[in-house]
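Presented below is the structure to which this report refers.
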2 protein chains.
Amino acid sequence: MSSSIDVAKKAGVSQATVSRVLNNPQSVKPETRMKVLQAMEQLQYVPNLIARSLVTNTTRTIALISGSLQNGFFAETTDSIVQFAKHKGYKTLVYFEDENKVPDLFDLIMSSKVDGVLLSLIKLDDPLVEQLERVKVPCVFFNRRSKSGGHYVVLDNPSAVAEVTRHLIGLGHRKIAYLSGKTDFSTFQERSVGFKQVMQEHGLEMKPEWTSFIDTTTEEIERTVFTMLNRPELPTAIICATDAIALICMDIILMMGLRIPQDISLAGIDNTRMASHRAVQLTTVGHQKFAMGRIAAESLFELIEKGDSERSAIQITLRPELIVRKTTGLVNSSGS
Amino acid sequence: MSSSIDVAKKAGVSQATVSRVLNNPQSVKPETRMKVLQAMEQLQYVPNLIARSLVTNTTRTIALISGSLQNGFFAETTDSIVQFAKHKGYKTLVYFEDENKVPDLFDLIMSSKVDGVLLSLIKLDDPLVEQLERVKVPCVFFNRRSKSGGHYVVLDNPSAVAEVTRHLIGLGHRKIAYLSGKTDFSTFQERSVGFKQVMQEHGLEMKPEWTSFIDTTTEEIERTVFTMLNRPELPTAIICATDAIALICMDIILMMGLRIPQDISLAGIDNTRMASHRAVQLTTVGHQKFAMGRIAAESLFELIEKGDSERSAIQITLRPELIVRKTTGLVNSSGS
DNA sequence: ATCCTTTCTGAATACGTATTCATTTATTTC
DNA sequence: GAAATAAATGAATACGTATTCAGAAAGGAT
């Protein structure tokens with residue numbers, strides 16, 4: 001690999017001039033500029049971004065810390081974030097973390113010198129947040145947020161669940177199960193609040209055996225649903241805290257020979273792409289306009305470009321929208 | 001941010017010693033090592049990887065050039081690749097490229113100084129391949145490959161399609177449609193070969209109006225399927241070159257009120273996660289053992305760690321395995 | 001031609017680390 | 001205790017770029 005010094009030699013100029021034709025072309029005489037460009041061409045010169053970063057203290061790279069792509073929601077947000085970053089001339093460093101262990105991420109981010117961070121996999125009281133705050137790295141949370149504020153874009157989670165819950169109650173359901181991830185994530189925390197509230201408003205009981213806050217691994221979800229549906233008394237509806245959970249849930253329900261929604265209604269949240277598929281047609285709640293990932297990315301670049309500190313907090317809460325499809329129906333009166 | 005020089009000052013040693021406790025701890029006396037570690041702790045020192053990369057000419061970063069995550073196959077491979085890279089102590093820089101434009105990727109890769117490249121989105125005659133070859137960056141293709149060889153891990157594509165085609169013919173199908181991406185990608189090229197061959201072996205015709213090689217955007221696929229199914233004569237089965245295409249295809253088929261497989265059989269390739277979902281149950285063909293992404297990643301790290309040049313070419317062709325589910329059935333004798 | 005601007009270019013330096021080489025300090029051997 | 005060896009450390013340098021500052025070249029006005 002040839003360096004700017006090689007180019008300089010070949011063009012008979014100084015290295016500084018080579019640097020100039022790259023970063024400030026009009027500041028160098030057209031004649032010599034041509035010589036330099038020609039030399040670059042001949043040597044197949046491509047600038048070393050590492051060296052440049054060392055000087056400018058900027059990498060044109062963002063970090064994305066997301067949940068596993070097995071979850072369609074994260075696949076969609078990741079896709080749009082990476083696309084948008086590319087469009088902005090930025091590279092994206094991705095981490096798909098296990099829900100539980102996000103320990104060394106701070107050092108990873110700091111040492112990589114990324115220009116910004118998009119975080120979805122964050123616990124309510126994650127120390128990472130405070131650390132990032134301290135070092136002034138532009139950072140926006142999406143989907144999940146931390147209790148210490150910061151910039152974020154999230155769904156109005158309590159309302160979202162409230163809407164599905166009311167929808168199901170409106171269909172006559174009284175025995176409603178709730179299947180969620182653990183509440184140390186804001187998403188699951190907030191969504192459970194919405195559920196609890198609406199149930200109470202209607203004087204309905206949250207049966208412990210129908211209410212689960214579990215690890216959102218496929219195996220764990222399958223096991224939980226299987227156990228629940230093997231009890232003597234079945235719920236008439238299941239609300240899942242995410243579409244990803246709902247899909248797995250649906251898989252088990254169908255496997256056990258139950259019909260949706262005749263035997264059991266099912267609803268999710270996120271309005272994932274698969275939810276609208278005609279083989280699935282999941283009732284869910286989404287939000288208007290763009291994907292959340294896109295909005296988060298736009299917000300982040302606003303921080304990066306205009307400077308974080310001046311900016312007042314970006315705190316966007318997307319209005320939820322119930323999307324009724326085919327997995328929820330009137331409660332089966334023959335149900336015990 | 002504090003540097004190793006700050007640490008050195010605080011600990012009363014030279015910067016070289018600080019560097020040593022990081023890279024060669026046992027070469028420094030335990031006593032002074034402690035002093036240094038303590039200073040690091042106090043200053044919250046985290047090494048600047050950019051600077052380190054400049055010296056070592058290594059970044060512990062790989063680049064992944066993949067198709068859009070909208071395609072479940074790429075979501076799965078990306079997930080496992082990123083996980084595996086992390087496990088190996090490497091970061092992953094991702095690009096989800098549009099099928100058509102992959103022009104400036106070479107400069108992007110070179111300037112970022114990644115230690116290796118995983119490529120799935122590559123055309124048969126992509127110039128990128130030769131460029132990467134020339135600069136000796138470890139590189140392995142997966143899923144798709146280039147005609148100029150190199151390291152790759154792919155499915156035995158002709159056999160894969162041959163298997164589904166024979167399966168459908170065995171079920172009595174004669175009027176078989178084929179829906180594929182464009183053949184300047186090896187995947188689609190090789191798969192179409194398999195289809196053509198088996199059809200010919202059985203003296204069956206590839207009707208032009210039932211055979212499409214199109215851009216694999218959702219809209220384009222939808223339009224194509226819609227048009228095909230609005231013709232007077234319908235195929236009794238559709239083979240899609242990927243599960244992603246098959247899913248979209250299924251969506252349209254169901255939307256038009258046709259039943260699968262009673263009215264029309266449907267099959268894909270890749271054995272994507274959603275294909276096994278009980279709301280879908282797509283007949284498809286996959287391969288044994290690990291995900292392809294994982295195998296590709298393992299191969300790449302072998303190249304990175306053991307050095308590329310010594311190594312003979314890694315060329316892995318995975319044996320396909322037909323997985324019959326519920327979207328393919330006996331041909332409906334009442335079909336016109 | 002002289003002086004003054006303006007435009008352009010080169011030398012020098014900084015960024016933060018790893019590494020070589022020489023030097024100091026500690027340890028062993030007789 | 002001296003000499004020989006081994007272990008530990010520091011000074012200096014390199015990596016490839018951007019940038020400052022000073023100086024050279026070019027152009028304009030008188």
Side-chain angles (χ1 to χ4, degrees), chain A residues 1-40 43-61 91 107-115 135, chain B residues 1-40 43-61 91 107-115 135:
Chain A
M1 285 294 348
S2 46
S3 70
S4 60
I5 297 186
D6 300 330
V7 174
K9 272 183 197 148
K10 179 146 212 152
V13 298
S14 75
Q15 182 269 329
T17 305
V18 175
S19 177
R20 270 188 277 261
V21 330
L22 285 172
N23 302 298
N24 211 7
Q26 76 282 8
S27 78
V28 37
K29 193 162 54 173
E31 187 183 325
T32 65
R33 192 195 311 163
M34 272 309 151
K35 280 195 301 186
V36 172
L37 289 173
Q38 221 168 312
M40 285 179 172
L43 294 175
Q44 301 212 50
Y45 170 72
V46 20
N48 184 332
L49 291 190
I50 298 289
R52 178 179 293 173
S53 291
L54 187 57
V55 175
T56 61
N57 203 29
T58 182
T59 53
R60 293 193 82 77
T61 303
K91 301 178 282 292
D107 281 8
L108 230 51
I109 290 173
M110 289 316 303
S111 57
S112 304
K113 295 285 175 189
V114 294
D115 295 342
V135 293
Chain B
M1 286 294 349
S2 46
S3 69
S4 61
I5 297 186
D6 300 330
V7 175
K9 272 183 198 149
K10 179 146 211 150
V13 299
S14 74
Q15 181 269 330
T17 307
V18 176
S19 177
R20 271 188 277 260
V21 330
L22 286 172
N23 303 298
N24 211 9
Q26 76 281 10
S27 78
V28 38
K29 195 163 51 173
E31 186 183 327
T32 66
R33 194 195 309 165
M34 273 308 154
K35 282 195 299 182
V36 172
L37 288 173
Q38 222 168 310
M40 284 180 173
L43 294 176
Q44 302 212 49
Y45 169 73
V46 20
N48 184 333
L49 291 190
I50 299 288
R52 178 178 293 173
S53 290
L54 188 57
V55 175
T56 60
N57 202 29
T58 183
T59 53
R60 294 194 81 78
T61 303
K91 301 179 285 293
D107 281 9
L108 230 53
I109 290 173
M110 289 317 302
S111 58
S112 304
K113 296 282 174 191
V114 294
D115 295 343
V135 294

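Hydrogens, waters and symmetry mates play no part in the numbers below; they use all other heavy atoms, side chains included. Per chain, numbering begins at 1; letters A, B, ... match sequence-line order.
Counting only heavy atoms from C-beta outward, the side chains of Ser19(B) and Gln15(B) approach each other to under 4.5 Å. Between Met1(A) and Asn48(A) the shortest side-chain heavy-atom distance does not fall below 4.5 Å. Counting only heavy atoms from C-beta outward, the side chains of Ser112(B) and Lys91(A) approach each other to under 4.5 Å. Using a 4.5 Å heavy-atom threshold, the side chains of Arg20(B) and Thr32(B) count as separate. Between Val18(B) and Met40(B) there is a side-chain heavy-atom pair separated by less than 4.5 Å.
Pairing each heavy atom of Ser111(A) with each of Pro47(B), the nearest pair is CB-O, 3.3 Å.
Within 4.0 Å of Ser53(B), counting heavy atoms only, lies no atom of the nucleic acid at all.
Atom-to-atom distance recorded for Arg52(A):CZ and Ser4(A):OG is 10.0 Å, nearest 0.5 angstrom. Note that the CG atom of Asp115(B) and the OG atom of Ser53(B) stand 8.0 Å from one another [nearest 0.5 Å]. To the nearest 0.5 Å, atoms CG (Leu49(B)) and CG (Leu54(A)) are separated by 12.0 Å. For the atom pair OG1 of Thr17(A) and NZ of Lys35(A), the computed distance is 9.0 Å after rounding to the nearest 0.5 Å.
Of the two residues near DNA chain D, Leu54(B) and Gln15(B), the one whose nearest nucleotide lies more 5' is Gln15(B). With DNA chain D read from its 5' end, the first of the two nearest nucleotides for Val55(B) and Gly12(B) is the one closest to Gly12(B).
Per the geometry, CZ belonging to Arg33(A) stands 9 Å off P belonging to dC8(C), to the nearest Å.
Listed by residue number, Ser19(B), Arg20(B), Asn23(B) are the residues of residues 18-29 of chain B with a heavy-atom contact under 4.0 Å to DNA chain C. A heavy atom closer than 4.0 Å to some atom of DNA chain D occurs in no member of residues 43-51 of chain B.
Contact footprint of chain A on DNA chain D: nucleotides with an atom under 4.0 Å from a non-hydrogen protein atom, first to last in 5' to 3' order, dG16(D) to dT20(D).
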